[in-house]
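Everything on this sheet refers to the single structure shown next.
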There are 2 protein chains.
Amino acid sequence: MEADTSRTEEYLESIYKLQQEQHPVSTSRLAEHLKLSAPSVSEMVKKLTGKGLVFQSERGVCLTDEGKSLAKKVIRRHRLSERLLTDILGFNWDEVHDEACRLEHAISPEMEDHIAKSLGNPRTCPHGHPIPDKDGKLAKEKLKPLSELKAREKGIIVNVFEEDPKMLKYLASLGLIPDVCVKVEEVAPFGGPLIVCVAGARYALGREVASKIKVK
Amino acid sequence: MEADTSRTEEYLESIYKLQQEQHPVSTSRLAEHLKLSAPSVSEMVKKLTGKGLVFQSERGVCLTDEGKSLAKKVIRRHRLSERLLTDILGFNWDEVHDEACRLEHAISPEMEDHIAKSLGNPRTCPHGHPIPDKDGKLAKEKLKPLSELKAREKGIIVNVFEEDPKMLKYLASLGLIPDVCVKVEEVAPFGGPLIVCVAGARYALGREVASKIKVK
DNA sequence: CATTAAAGTTAGGTATACCTAATAAAAAAT
DNA sequence: ATTTTTTATTAGGTATACCTAACTTTAATG
Ligand SMILES: [Mn+2]
Ligand SMILES: [Mn+2]
Ligand SMILES: [Mn+2]
Ligand SMILES: [Mn+2]
């Protein structure tokens with residue numbers, strides 16, 4: 001039962017996020033996401049294994065139940081922080097990720113409760129991702145990336161799997177934010193762009209970008 | 001121009017606060033306030049000296065101009081955090097110190113600005129201490145401890161120099177909070193208690209406690 | 001199948017910030 | 001003026017979390 005540091009939290013958070021895209025998380029992806037060298041991550045993963053927070057399968061790192069639970073606590077604090085920053089402090093959605101990534105380690109359970117209460121127990125972060133509740137329960141919906149819609153199909157944006165401020169700013173400038181209805185007008189062949197219609201306007205969106213936007 | 005860590009900030013903050021009570025700050029007082037061993041503090045002070053943030057005089061540690069400036073930035077973030085916690089998130093004044101002491105290191109200049117703006121540029125923290133402005137300017141008033149008032153003298157509480165939650169809770173329960181008018185009814189001799197009148201009620205207050213309450 | 005490339009780990013090292021035990025210096029008390 | 005006490009520092013050590021360079025293992029490719 002060793003003390004848990006903010007670095008531990010940061011690793012677990014990253015592993016949790018990455019495993020949503022691809023299940024066992026490779027050391028190299030983790031290192032890239034955390035902007036650390038591979039050996040640093042390799043070493044830390046060993047320590048996390050020792051603490052019973054992760055285990056290493058054939059193809060990569062997996063969270064244990066305890067690790068998953070801690071990760072969700074961190075993610076709850078992260079997403080509540082983001083909401084605090086946008087809804088109360090007037091930040092834009094593209095400015096909150098890094099800020100929240102620091103705040104999440106400085107927030108006590110009491111502050112977490114106060115934020116949740118003040119915000120009226122929000123269900124999602126500004127990017128549309130669900131906020132785990134106190135028991136770690138996470139609402140999961142069946143979503144598909146916008147890039148998989150066919151021509152003339154419509155969808156409502158649920159979330160945006162992206163943390164790069166520039167990309168987020170760009171998406172917001174097109175009105176591609178949660179709860180907005182998008183219609184795919186055309187899909188260019190050979191992995192080409194999508195022509196989408198948002199609030200009456202038409203835009204060409206690269207596949208890569210469109211794959212980050214999850215719709216229902 | 002080395003990177004500045006949260007520990008550096010914490011030391012400078014403590015030194016700044018302690019020097020207000022007694023100018024050059026002794027290693028032992030600093031160690032006690034930071035809840036660290038004397039050798040740890042001794043060592044860290046040497047490092048801070050190397051960074052040009054403090055210097056050691058005959059009787060103790062003093063902040064350089066750069067150290068003072070950094071300390072005031074930390075204190076600004078601390079006090080703005082406290083205000084955020086009480087005014088927006090609904091904390092009581094006795095619950096915010098430790099929380100703010102962690103938040104202050106996780107807040108960017110942008111967040112600092114957003115908090116200040118959202119709160120309407122508050123001039124003081126919930127305990128009545130002035131919030132340094134962006135340029136480090138600090139409003140200073142001539143105050144005296146409540147314990148120095150004579151019988152039948154009145155004062156308005158400006159601030160409470162105390163961070164212990166229990167004490168703060170006690171003071172709030174008596175209504176001894178900033179902007180409240182207190183009248184000293186009697187002063188018991190030989191360092192005995194003061195009988196004070198607050199909002200029509202009468203209380204006996206120890207000298208020690210009364211010395212923490214600054215009035216004008 | 002052999003070679004090359006990618007991914008992961010070991011080895012050895014650094015910086016930061018803490019600790020206890022021992023020692024030195026300064027202040028207070030006798 | 002000694003002795004005692006307090007205060008400060010040095011010495012030696014630990015934990016955490018990072019690094020580069022070198023090596024090993026695994027996967028991909030000709
Ligand atoms: Mn984070
Ligand atoms: Mn988010
Ligand atoms: Mn602090
Ligand atoms: Mn305060």
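Where Val41(B) and Thr27(A) each meet DNA chain C at their nearest nucleotide, the meeting point lying more 5' is that of Thr27(A).
Protein atom CG of Leu34(B) is 8 Å distant from nucleotide atom P of dC18(C), rounded to whole Å. One interatomic measurement links the two molecules: CG of Leu12(B) to P of dA17(C), which rounds to 11 Å at whole-angstrom precision.
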Between the protein and nucleotides 10-15 of chain C, which nitrogen or oxygen pairs are less than 3.5 angstrom apart?
from    : atom 1 : to       : atom 2 : distance (Å)
dT10(C) : OP2    : Lys46(A) : NZ     : 3.1

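The CD1 atom of Ile213(A) sits 5.5 Å away from atom CG of Leu205(A), with the distance rounded to the nearest 0.5 Å.
Considering every non-hydrogen atom in both Trp93(B) and Pro178(B), the closest pair reads CZ3-CD, 3.6 Å.
Salt-bridge annotation for Glu112(A) and Lys134(A): present, with a side-chain N of the basic residue lying under 4.0 Å from a carboxylate O of the acidic one.
The phosphate of dC18(D) has OP1 or OP2 within less than 4.0 Å of a side-chain N or O from Tyr11(A). Phosphate proximity of dC19(D) to Ser37(A): present, with a side-chain N or O under 4.0 Å from OP1 or OP2. Contact check, Gln56(A) against dG8(C): no side-chain N or O comes under 4.0 Å of OP1 or OP2. In terms of phosphate contacts, Arg7(A) brings a side-chain nitrogen or oxygen within less than 4.0 Å of OP1 or OP2 of dC18(D).
Classification of the His129(A)-Phe161(A) ring pair by plane angle, with boundaries at 30° and 60°, yields perpendicular.
Residues Ser108(A) and Glu99(B) have side chains that bring a donor and an acceptor to within less than 3.5 angstrom of each other. Residues Glu162(A) and His127(A) bring no donor and acceptor atom of their side chains to less than 3.5 Å of each other.
The listed nucleotides are dA8(D), dT16(D), dC19(C); the one nearest the side chain of Ser28(B) is dA8(D).
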